[in-house]
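Data first, discussion second: the structure below is written as structure tokens.
In listed order, ligands and their atoms are each counted from 1.
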Amino acid sequence: MSTYIIADLHLSEDEPAITAGFMHFIHQQAIHADSLYILGDFFNYWIGDDDQTELHQQVSGALKMLTDKGIPCYFIHGNRDFLIGKRYAKQCGMTILVQETLLELYGKRVLILHGDTLCIDDIAYQNYRKKVHTPWIQCLFLSLPLFIRRRIAQKMRKNSQYASSMKTESIMDVNPQAVVNALTHYQADWMIHGHTHRPAIHEVLINNKLCYRGVLGAWHHEGSAFVINEQGIELIFFPF
Ligand code: LP5
Ligand code: MN
């Protein structure tokens with residue numbers, strides 16, 4: 001039995017192959033898991049739990065099937081789906097966790113997070129993040145009609161793609177000191193995150209203790225997950 005961790009699927013109607021890959025993953029792999037953790041950017045964007053599209057219902061149905069079978073599912077918000085709320089979580093049967101959560105898994109202390117909060121050199125993004133995490137701004141956005149919210153989200157995605165194309169790779173990566181601070185704060189052995197779309201396992205030496213930072217891959221042409229069990233922690237990739 002294993003715990004699975006995934007992130008950055010960016011599910012959308014425009015990418016049916018990723019949705020099919022996710023359904024396959026649920027029925028072939030997650031169904032045999034101890035538990036499933038989704039570390040954000042599960043959807044390409046989220047504009048409110050009242051946006052009940054066919055895709056959102058198909059995905060919630062798949063997760064509900066898992067949770068009904070006794071496989072708990074947990075979710076941490078990403079920068080694209082931070083508006084996923086209690087209603088959709090309930091529909092999926094999943095539990096929303098705080099943005100930094102420490103797990104004790106098979107004898108290891110594993111800190112899980114989306115990863116955007118580690119990218120502190122991306123000052124434009126961090127300023128933007130503060131704004132969109134302001135409760136009254138979120139309330140205002142959620143009070144708008146769905147078609148307007150969708151237009152705003154699509155515009156924000158375009159702006160983000162342009163803004164990211166103008167930034168250097170290093171600005172958009174995690175800040176090494178932020179990684180050390182988080183691992184130290186939680187006295188964690190491992191940190192697992194997504195967001196940067198640079199799948200890897202990095203060694204981090206802190207006061208002579210060897211820790212690890214695992215980075216999940218985005219689901220573009222293949223799936224990516226961390227599999228954790230008594231044998232250890234492994235980063236896997238699988239075709240859709
Ligand atoms: O997502 P990704 O990986 O491509 O890029 C991120 C950062 N971009 C974002 C923006 C999202 O992609 C947009 C998703 C839409 C959300 C749904 C609607 C919710 C609306 C809620 C309103 C309350 O997160 C990108 C990073 C990159 O990761 C790497 O880390 O660089 O950051 C940006 O592109 C941000 C720009 O640099 C700064 C934009 C300034 C805009 C200022 C207007 C803010 C006012 C908002 C008030 C509504
Ligand atoms: Mn992200």
Side-chain angles (χ1 to χ4, degrees), residues 5-15 18 37-53 55-56 59 75-85 87-88 96-97 99-101 112-179 182 191-200 213-220 224-226:
I5 304 185
I6 57 173
D8 299 305
L9 284 77
H10 309 125
L11 294 172
S12 99
E13 278 86 2
D14 301 337
E15 300 272 6
I18 302 179
Y37 290 84
I38 303 168
L39 306 188
D41 289 3
F42 188 28
F43 292 96
N44 199 31
Y45 60 76
W46 193 265
I47 55 174
D49 291 0
D50 54 333
D51 186 28
Q52 286 287 328
T53 64
L55 171 70
H56 298 164
V59 169
F75 178 75
I76 290 182
H77 291 122
N79 57 295
R80 301 199 196 176
D81 50 15
F82 55 85
L83 287 177
I84 287 184
R87 171 176 161 187
Y88 191 66
I96 299 182
L97 303 174
Q99 81 183 30
E100 292 179 351
T101 298
I112 53 169
L113 66 170
H114 178 59
D116 57 328
T117 49
L118 299 168
C119 301
I120 56 173
D121 297 325
D122 191 345
I123 293 166
Y125 170 67
Q126 295 300 337
N127 287 337
Y128 153 84
R129 188 179 190 279
K130 265 187 216 118
K131 290 192 184 90
V132 295
H133 279 263
T134 305
W136 72 263
I137 295 180
Q138 292 190 357
C139 276
L140 187 66
F141 178 78
L142 290 171
S143 71
L144 298 170
L146 266 176
F147 78 97
I148 295 182
R149 277 182 265 163
R150 185 164 292 112
R151 258 191 233 158
I152 293 174
Q154 285 164 349
K155 182 94 174 44
M156 285 168 74
R157 285 293 308 128
K158 281 217 177 83
N159 288 348
S160 173
Q161 277 159 345
Y162 176 72
S164 300
S165 74
M166 303 302 283
K167 295 176 189 172
T168 63
E169 289 288 302
S170 71
I171 276 186
M172 289 190 291
D173 205 352
V174 299
N175 174 288
Q177 191 57 49
V179 170
M191 160 190 286
I192 293 180
H193 68 82
H195 184 67
T196 59
H197 308 170
R198 302 175 204 202
R213 176 171 70 93
V215 190
L216 286 151
W219 290 39
H220 291 306
S224 166
F226 272 95

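Here the straight-line distance linking atom CD of Glu15 with atom NE2 of His220 works out to 8.5 Å at 0.5 Å rounding. To the nearest 0.5 Å, atoms CD (Gln154) and CD1 (Ile47) are separated by 8.0 Å.
Ring geometry, Phe43 versus Tyr88: the interplanar angle exceeds 60°, so the pair is classed perpendicular (tilted spans 30 to 60°). Using cut-offs of 30° and 60° for the angle between ring planes, the Phe75 and His77 rings count as perpendicular.
Summary of contacts: the protein heavy atom closest to atom 46 (C) of ligand 1 is Val132 CG1, 4.0 Å. Residue, atom and distance of the protein heavy atom nearest to atom 22 (C) of ligand 1 are Phe141 CG, 3.9 Å. Closest protein heavy atom to atom 23 (C) of ligand 1: Ile137 CG2, 3.8 Å. Among all non-hydrogen protein atoms, the one lying nearest atom 27 (C) of ligand 1 is Ser164 OG, 4.0 Å. Closest to atom 24 (O) of ligand 1, if we only count protein heavy atoms, is Asn79 ND2, 2.8 Å. The protein non-hydrogen atom at the shortest distance from atom 32 (O) of ligand 1 is Tyr125 CD1, 3.2 Å. The protein heavy-atom contact nearest to atom 15 (C) of ligand 1 is Tyr45 CB, 4.0 Å.
Side chain of Asp8 to backbone of His195: a donor-acceptor contact under 3.5 angstrom is found. Remark: the backbone N or O of Tyr45 is not paired with any side-chain donor or acceptor of Asp81 at under 3.5 angstrom. Checked by atom type and distance alone, the side chain of Ser160 never pairs as donor or acceptor with a backbone atom of Met156 at under 3.5 Å. Put simply, the side chain of Gln126 gets close to the backbone of Cys119: a donor and an acceptor are under 3.5 Å apart. Here the side chain of Asp49 pairs a donor or acceptor atom with the backbone of Arg87 at under 3.5 angstrom. The main-chain N or O of Leu39 is found under 3.5 Å from a side-chain atom of His114 such that the two form a donor-acceptor pair. A donor-acceptor pair is defined here as one N or O able to donate and one able to accept, closer than 3.5 Å; such a pair exists between the side chain of His56 and the backbone of Asp51.
Considering backbone and side-chain atoms together, Ser160 places an N or O closer than 3.5 Å to an N or O of ligand 1.
Gln161 CD: more than 12 foreign heavy atoms inside a 6.0 Å radius. No more than 12 heavy atoms of other residues, nucleotides or ligands sit less than 6.0 Å from atom CD1 of Ile123.
Under a 4.0 Å criterion applied to the non-hydrogen atoms of Ala124, ligand 1 contributes the atoms 37 (O), 38 (C). Of all the atoms in ligand 1, the ones that sit under 4.0 Å from a non-hydrogen atom of Phe82 are 19 (C), 21 (C). Atoms of ligand 1 found under 4.0 Å from any heavy atom of Asp122, numbered from 1 in the order shown, are 26 (C), 29 (C), 30 (O), 31 (O). Every atom of ligand 1 is numbered from 1 in the order shown, and the set under 4.0 Å from a heavy atom of Trp46 is 17 (C). Within ligand 1, counting atoms from 1 as listed, the ones closer than 4.0 Å to a heavy atom of Tyr128 are 9 (C), 10 (C), 13 (C), 24 (O), 44 (C). Close approach to Lys167 involves these atoms of ligand 1, each under 4.0 Å from a residue heavy atom: 26 (C), 31 (O), 32 (O), 33 (C), 34 (O), 36 (C), 37 (O).
Between atom 1 (O) of ligand 1 and the options Lys155, Arg80, Lys158, the minimum heavy-atom separation is to Arg80. Closest to atom 14 (C) of ligand 1 by heavy atom, among Gln138, His133, Arg157, Lys131, is Arg157. Of all the listed residues (Ala153, Gly48, Gly194), Ala153 holds the heavy atom that lies closest to atom 18 (C) of ligand 1.
In this structure, His195 counts as a contact residue of ligand 1, since one of its heavy atoms falls inside 4.0 Å of the ligand.
The presence of a protein heavy atom under 4.0 Å from atom 42 (C) of ligand 1 is ruled out.
For the side chain to side chain contact (heavy atoms under 4.5 Å, CB included) with Met191, the qualifying choice from Leu118, Val215, Ile112 is Leu118, the only one to do so.
When distances to the Mn ion (ligand 2) are checked against a cut-off of 2.8 Å, Asp41 contributes an N, O or S atom below that limit. None of the N, O or S atoms belonging to Thr196 lies under 2.8 Å away from the Mn ion (ligand 2).
Atom ND1 is the N/O/S atom of His195 found closest to the Mn ion (ligand 2).
Counting heavy atoms closer than 4.0 Å to ligand 1, residue Ala163 contributes side-chain atoms (C-beta onward) but none from N, CA, C or O.
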